[in-house]
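Presented below is the structure to which this report refers.
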Number of protein chains: 2
Amino acid sequence: MTLDDLDKTGAAQLSRRERQIMDALFEAGELSAQDVRAAIPDAPGYSAVRALLAKLVEKKIVDFREEGPRYIYFPVVAQEEARISALQKMLKTFFGGSTAAAVNALLGMNKEKLSSEEIDKLQQAIDSAAKAETSARQQ
Amino acid sequence: MTLDDLDKTGAAQLSRRERQIMDALFEAGELSAQDVRAAIPDAPGYSAVRALLAKLVEKKIVDFREEGPRYIYFPVVAQEEARISALQKMLKTFFGGSTAAAVNALLGMNKEKLSSEEIDKLQQAIDSAAKAETSARQQ
DNA sequence: AGCATTATGCTAATAATTTAGCACCACCAA
DNA sequence: TTGGTGGTGCTAAATTATTAGCATAATGCT
């Protein structure tokens, strides 16, 4: 198994429009065709968006449920799985696989945005990582 | 300006193969055509890879320098810019823009991989973020 | 020198993607 | 009922992406 096998979103194989649509679906969780159209850049017509969605459904990357007369589309892969997959891919591509480098970059980017509650949570996560490191060293 | 304008890598507009190649270039920093070919999944022939690279050069997304008889290709956008851009895009798509959620996910993913040195660095980054939060609150 | 290997410039054929449009349906208001 | 609005199923044409191959050049080895 290679790291590519961790790509649960299958993003590496998506065409330009497919990828735009998947990003929109992951961001929102689920969307109607019309909302997908509103969410993607330089959107084509409604029927073009539907044809693209139909293709993704055919490929079993996207599924839909009916809500009255309209279809609500959502990614087949679970949200949490997609997150992890995207994180790993980004680590590999831009941070040489280093979690610490990525976290540092994240924190450096958004200093003014963290609430005290969020900082507490982060502190807990660091403490937890530190404990895991300590026990790993003792083994 | 929208968040899409922060996409310095221009990834949203890349075709399937273009994106694979850009990922390989960002990961490695720079690559020969042959190495690009080795780095992308289900690679076509050498001349196909070169044609794709030529297209990216034409679009000014990639540039190259000559090293003896061979060309070494590299992304035009700076590494650091690409990192930040990718991070922001990922935050937006998978974490509702929340840095804290992303950091938590990162730390939860790789508990056993952090060295004590890395943990110290993370602690400093958190402390720094905490200080920024405190001063923001006092203003 | 000759040959093999490795490289680029360029092209066009092939495949895939993207797109719009027709036909039809359901619902609602006048 | 009619017309408008909003929806899907399906298709094929237009556009773009992908691919391999020819011609040429450079390098290294025998």
Side-chain angles (χ1 to χ4, degrees), chain A residues 4 7 9-76, chain B residues 4 7 9-76:
Chain A
D4 283 341
D7 184 11
T9 64
Q13 303 299 333
L14 299 181
S15 71
R16 183 172 74 95
R17 283 297 191 198
E18 285 173 339
R19 185 168 172 244
Q20 287 169 353
I21 287 172
M22 291 314 299
D23 281 350
L25 289 179
F26 281 128
E27 183 169 347
E30 62 182 22
L31 290 167
S32 67
Q34 193 177 54
D35 290 335
V36 167
R37 181 162 181 259
I40 61 175
D42 305 307
Y46 181 68
S47 65
V49 172
R50 284 185 303 108
L52 290 163
L53 284 163
K55 187 71 174 177
L56 287 166
V57 168
E58 182 188 319
K59 289 182 178 183
K60 296 185 166 37
I61 296 170
V62 166
D63 204 355
F64 63 86
R65 58 180 171 85
E66 292 174 43
E67 188 172 281
R70 78 177 51 84
Y71 287 7
I72 303 296
Y73 297 89
F74 53 89
V76 167
Chain B
D4 283 341
D7 184 12
T9 64
Q13 303 299 333
L14 298 181
S15 71
R16 183 172 74 95
R17 283 295 192 198
E18 285 174 341
R19 184 167 174 244
Q20 287 169 354
I21 287 172
M22 291 314 300
D23 281 351
L25 289 179
F26 281 129
E27 183 171 348
E30 62 180 22
L31 290 167
S32 66
Q34 193 177 54
D35 290 336
V36 167
R37 181 164 182 260
I40 62 177
D42 304 309
Y46 180 67
S47 64
V49 172
R50 284 185 304 107
L52 290 162
L53 283 164
K55 187 72 175 177
L56 287 166
V57 167
E58 182 189 318
K59 289 182 175 183
K60 296 182 163 46
I61 295 170
V62 166
D63 204 355
F64 64 85
R65 59 181 170 83
E66 292 174 45
E67 189 172 281
R70 79 179 50 85
Y71 288 7
I72 303 295
Y73 298 89
F74 53 89
V76 166

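Chain A is the first sequence line, chain B the second, and so forth, proteins listed ahead of strands; every chain is numbered from 1. Here the structure is a predicted model, which means the values were calculated and not measured.
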How long is the line joining CD1 of I40(A) and P of dT17(C), in whole Å? 15 Å

Of the candidates dT8(C), dT19(D), dA17(D), the side chain of S15(B) sits closest to dA17(D)

Gap between atom CD1 of I40(A) and atom CG of D42(A) - 0.5 Å precision: 9.0 Å

Side chains of R37(A) and Q34(A): do they bring a donor and an acceptor to under 3.5 Å? no

Find the distance E67(B):CD to dA26(D):P and express it as a whole number of Å. 18 Å

Using side chain to side chain donor-acceptor pair (under 3.5 Å) as the criterion, list what pairs up with E18(B), not counting sequence neighbours. S15(B), K59(B)

If you apply the rule side chain to side chain contact (heavy atoms under 4.5 Å, CB included), what do you find for I72(B) with L31(B), and how did you get there? CA-CA 5 Å; I72(B) 303 295; L31(B) 290 167; over 6 Å; no

Derivation of the salt bridge (Lys or Arg N to Asp or Glu O under 4.0 Å) call for E67(A) and R65(A): CA-CA 6 Å; E67(A) 188 172 281; R65(A) 58 180 171 85; 3.0 Å; yes

Atom-pair distance (CG on L14(B); C1' on dT17(C)), nearest Å: 15 Å

Measure CD/Q13(B) against C1'/dT16(D) and give the value in whole Å, please. 13 Å

Under-4.0 Å side-chain N/O to phosphate OP1/OP2 contact, Q34(A) with dG6(D): no

Distance check needed: dG9(D) P versus E58(A) CD, whole Å only. 13 Å

Taking atom P of dG7(D) as reference, at what distance in whole Å does atom OH of Y73(A) sit? 11 Å

State, yes or no, whether a side-chain contact exists between V36(A) and R50(A) at a heavy-atom distance under 4.5 Å. no

Quick one, which residues of residues 42-55 of chain A touch DNA chain C with a heavy atom under 4.0 Å? P44(A), G45(A), S47(A), A48(A), R50(A), A51(A), L52(A)

Taken to the nearest whole Å, CZ/F64(A) to C1'/dG7(D) is 13 Å

In whole angstroms, how far is the C1' atom of dT18(C) from the CZ atom of R37(A)? 14 Å

Taking only the side-chain nitrogens and oxygens of R17(A), find out if one of them lies under 4.0 Å from OP1 or OP2 of dT18(C). no

Which value, rounded to the nearest 0.5 Å, describes the distance between I61(B) atom CD1 and I21(B) atom CD1? 10.5 Å

Between I72(B) and R16(B), name the one whose nearest nucleotide on DNA chain C is closer to the 5' end. I72(B)

